Amino acid sequence: MFSLIYQHTEGLCGKCLKQVVVRRQKLRFWPNLILAVATVGIWGIFWYKNAKTLDRQWRCTKCGTEVFRLVEYRF
Ligand SMILES: [Zn+2]
């Protein structure tokens with residue numbers, strides 16, 4: 001999707017059992033805002049739901065398992 005970017009950080013993978021680079025997808029702000037305006041706010045609902053789901057999904061770049069324990073928290 002055109003509106004996605006990736007964020008990387010360090011995390012502890014439960015499958016690799018070591019510190020790995022984890023990645024999550026992040027929604028770009030401007031393309032989504034333009035879509036929300038263009039669809040009279042309808043896209044805003046999907047945007048909000050997607051952003052909430054994606055923000056919690058850090059994945060190990062080695063095995064793809066969802067990682068919950070991050071070494072460094074970034075907000
Ligand atoms: Zn892993």
Side-chain angles (χ1 to χ4, degrees):
M1 272 208 285
F2 75 97
S3 56
L4 287 170
I5 47 170
Y6 288 103
Q7 273 193 330
H8 294 85
T9 188
E10 299 274 296
L12 292 168
C13 178
K15 203 176 173 186
C16 302
L17 298 171
K18 62 178 180 180
Q19 193 170 321
V20 292
V21 177
V22 293
R23 186 174 80 166
R24 77 172 168 183
Q25 292 179 318
K26 194 95 177 134
L27 293 165
R28 279 186 208 274
F29 183 74
W30 286 108
N32 284 289
L33 184 70
I34 291 159
L35 266 169
V37 172
T39 57
V40 205
I42 295 163
W43 181 257
I45 299 160
F46 292 105
W47 179 16
Y48 179 73
K49 281 185 179 173
N50 282 336
K52 258 178 79 174
T53 313
L54 289 171
D55 263 17
R56 282 175 294 166
Q57 285 182 336
W58 289 98
R59 287 186 182 277
C60 173
T61 51
K62 297 222 161 44
C63 67
T65 303
E66 206 168 322
V67 174
F68 298 100
R69 287 186 62 192
L70 300 178
V71 172
E72 191 187 340
Y73 286 93
R74 285 176 197 168
F75 291 104

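Both counts, for ligands and for their atoms, begin at 1 and track the order of listing. Owing to the predicted nature of the structure, the values given are computational and were not obtained by experimental measurement.
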**Complete:** For R59, the salt bridge (charged side-chain N to carboxylate O under 4.0 Å, His left out) test, sequence neighbours excluded, returns E66
**Request:** Answer yes or no: is there a side-chain heavy-atom contact under 4.5 Å between L27 and L4?
**Result:** yes
**Fill in**
Sorted by chain and residue number, the ring pair (Phe, Tyr, Trp, His ring centres under 6.0 Å) partners of F29 (sequence neighbours excluded) come out as W47
**Shared hydrophobic cluster, L33 / I42 (ILVMFWY, side-chain heavy atoms < 4.5 Å)** = yes
**Complete:** With sequence neighbours left out, the residues meeting side-chain hydrogen bond (donor to acceptor under 3.5 Å, both in side chains) with K26 are D55
**Total protein N/O/S atoms whose distance from the Zn ion (ligand 1) is less than 2.8 Å** = 4
**Message:** Quick one, E10 and V21 - any side-chain contact, counting heavy atoms below 4.5 Å?
**Reply:** yes
